[in-house]
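Everything quoted here is computed from the prediction, not taken from an experiment.
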Amino acid sequence: MRYLYIAVILIIFIGLALFPMDHFPPERDTVGQIVRETGVPNSVTGILLRNRLYDTVFEVFVFTAAVLGVQHYLARQRPRSVVHISDDILVLLIRTGAVVAGMIF
């Protein structure tokens, strides 16, 4: 599997290196165009509104990759034996701490 990852990364980098850069259009007044399209006088707000979709898509991609990485890492772990706590006060404190941690996060 490691060789597959390395091969994909090499293909991407070689493709980017061989891609001709002179096919891109010349630079334009992009900020002025964004201000005209959004109708908002603040150009930063217009840029954020315009790029919000890309930001959300890439956040989902990063979190999905993180979840898959953690799942792949934990798939090799063997479950340990569970120790049951029988002290009532300690159980109450642990449950309260779990609720507080859940509300904070």
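Hydrophobic clustering of Ile, Leu, Val, Met, Phe, Trp and Tyr side chains at less than 4.5 Å, counting indirect connections, keeps V67 apart from F58.
Around atom CD1 of I89, no more than 12 heavy atoms belonging to other residues, nucleotides or ligands sit under 6.0 Å away.
Contact check for R95 versus V91: side-chain heavy atoms found under the 4.5 Å cut-off.
Interatomic distance, CG of N42 versus CD1 of I34, reported as 12.0 Å (0.5 Å rounding). Taken to the nearest 0.5 Å, the OG1 atom of T64 stands 11.0 Å off from the CD atom of E59. A distance of 10.0 Å separates CG of L4 from CD1 of I9, quoted to the nearest 0.5 Å.
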